[in-house]
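Numbers restart at 1 for each chain; the letters A, B, ... are given by sequence-line order, proteins then strands.
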Amino acid sequence: GNSVTQMEGPVTLSEEAFLTINCTYTATGYPSLFWYVQYPGEGLQLLLKATKADDKGSNKGFEATYRKETTSFHLEKGSVQVSDSAVYFCALSDQAAGNKLTFGGGTRVLVKP
Amino acid sequence: DGGITQSPKYLFRKEGQNVTLSCEQNLNHDAMYWYRQDPGQGLRLIYYSQIVNDFQKGDIAEGYSVSREKKESFPLTVTSAQKNPTAFYLCASSTPTGTGNTIYFGEGSWLTVV
């Protein structure tokens, strides 16, 4: 079956530091890959996505590149802000599995001023 | 504004009671989903529906039931058979066809058993 593995948190950073959250996946088909962000007490918001190999998704200074050869979709941001403190979820959607989202366990990020 | 509305935001249930969580979307999406999130953990799929009057079990359907009588609505009932129902419940919707379809989430409902 499909699965997503992401680095465990919490990740604690200082403002303006570089952020990387690792994400790897296992899928039977050709999945689309997503990063969602969840702020405290709220639902999930789509941060970025990539639908095929070598695609780069980007939004709000965050980037992730779909690497089929390493089955990875690592999230990066060059200079984080306190407002980036949240839980980040990597996910995949596989058309062969009815387009249901399979989530990683989430990584909590805390940015300190 | 288009979106997904979940209600209530907070719900308390006594043991042995059934409760129903509402989910309404005005995005004209065909597919709808229910996920459960436990504190500090990821999301697990309870039920999903690709089309009106049809739905399938997800990974943790036991103790839950759903209906899909209208395209806009996908209510979730947490029955007394669910042994550990205290959790954060998230409803989502998407267009089911094609690759890269984006799933959009509601704001969630907190259910606490007292």
Q: Got more than 12 heavy atoms from elsewhere within 6.0 Å of CD, A/Glu8?
A: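 Incorrect, the count does not exceed 12.
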Q: Does A/Leu101 offer a backbone N or O that forms a donor-acceptor pair with the side chain of B/Tyr35 under 3.5 Å?
A: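 Answer holds: yes.
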Q: Do B/Ile4 and B/Tyr89 sit in one hydrophobic cluster, given that two such residues count as connected whenever their side-chain heavy atoms are within less than 4.5 Å of each other, even indirectly?
A: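 No, because B/Ile4 and B/Tyr89 fall into different hydrophobic clusters, even though each may have its own neighbours under 4.5 Å.
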Q: Going hydrophobic residue to hydrophobic residue with side-chain gaps under 4.5 angstrom, can you get from B/Leu45 over to B/Leu21?
A: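 Unlinked, B/Leu45 and B/Leu21 end up in two clusters.
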Q: Taking B/Val19 as the starting point, is it possible to reach B/Ile60 by hopping between hydrophobic residues whose side chains are less than 4.5 Å apart?
A: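 Looking at the clustering, B/Val19 is in the same group as B/Ile60.
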Q: Counting heavy-atom pairs under 4.5 Å to chain B, which of A/Leu33, A/Leu44, A/Val4 comes out on top?
A: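 Of the options given, most contacts go to A/Leu44.
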Q: Identify whether B/Tyr64 and B/Phe55 are in the same connected component of the hydrophobic contact network (ILVMFWY, side-chain heavy atoms under 4.5 Å).
A: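 In one cluster with B/Tyr64: B/Phe55, yes.
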Q: Please output the residues of residues 72-84 of chain B in contact with chain A, using a heavy-atom cutoff of under 4.5 Å, in numerical order.
A: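 Near chain A, by residue number: none.
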Q: Would you say that A/Gln38 contacts B/Phe88 through its side chain, given a criterion of any heavy-atom pair below 4.5 Å between the two side chains?
A: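 They are in side-chain contact.
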Q: Grouping I, L, V, M, F, W and Y whenever their side-chain heavy atoms are under 4.5 Å apart, do A/Val80 and A/Trp35 come out in a common cluster?
A: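 Yes; A/Trp35 is reachable from A/Val80 via cluster members.
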Q: Find out whether A/Tyr36 and B/Ile103 are in side-chain contact, i.e. whether some heavy atom of one side chain is under 4.5 Å from a heavy atom of the other.
A: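 With C-beta onward as the side chain, the pair touches.
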Q: Check whether B/Leu43 gets within reach of chain A through its side chain, its backbone, both or neither, counting any heavy atom under 4.5 Å.
A: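 The answer is both parts of B/Leu43.
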Q: So with a 6.0 Å cut-off around CG of A/Leu110, is the heavy-atom count from everything else above 12?
A: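 Above 12, so yes.
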Q: Taking everything shown except A/Arg108 itself, do over 12 heavy atoms lie less than 6.0 Å from its CZ?
A: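 No, CZ of A/Arg108 has 12 or fewer neighbouring heavy atoms, counting only those of other groups under 6.0 Å.
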Q: May I have the step-by-step check of side-chain contact (heavy atoms from CB on, under 4.5 Å) for A/Phe103 and B/Gln37, ending in yes or no?
A: CA-CA 11 Å; A/Phe103 285 90; B/Gln37 184 179 26; over 6 Å; no
Q: Are more than 12 heavy atoms, taken from residues, nucleotides or ligands other than A/Lys56, located less than 6.0 Å from that residue's NZ atom?
A: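 Not more than 12 within 6.0 Å, no.
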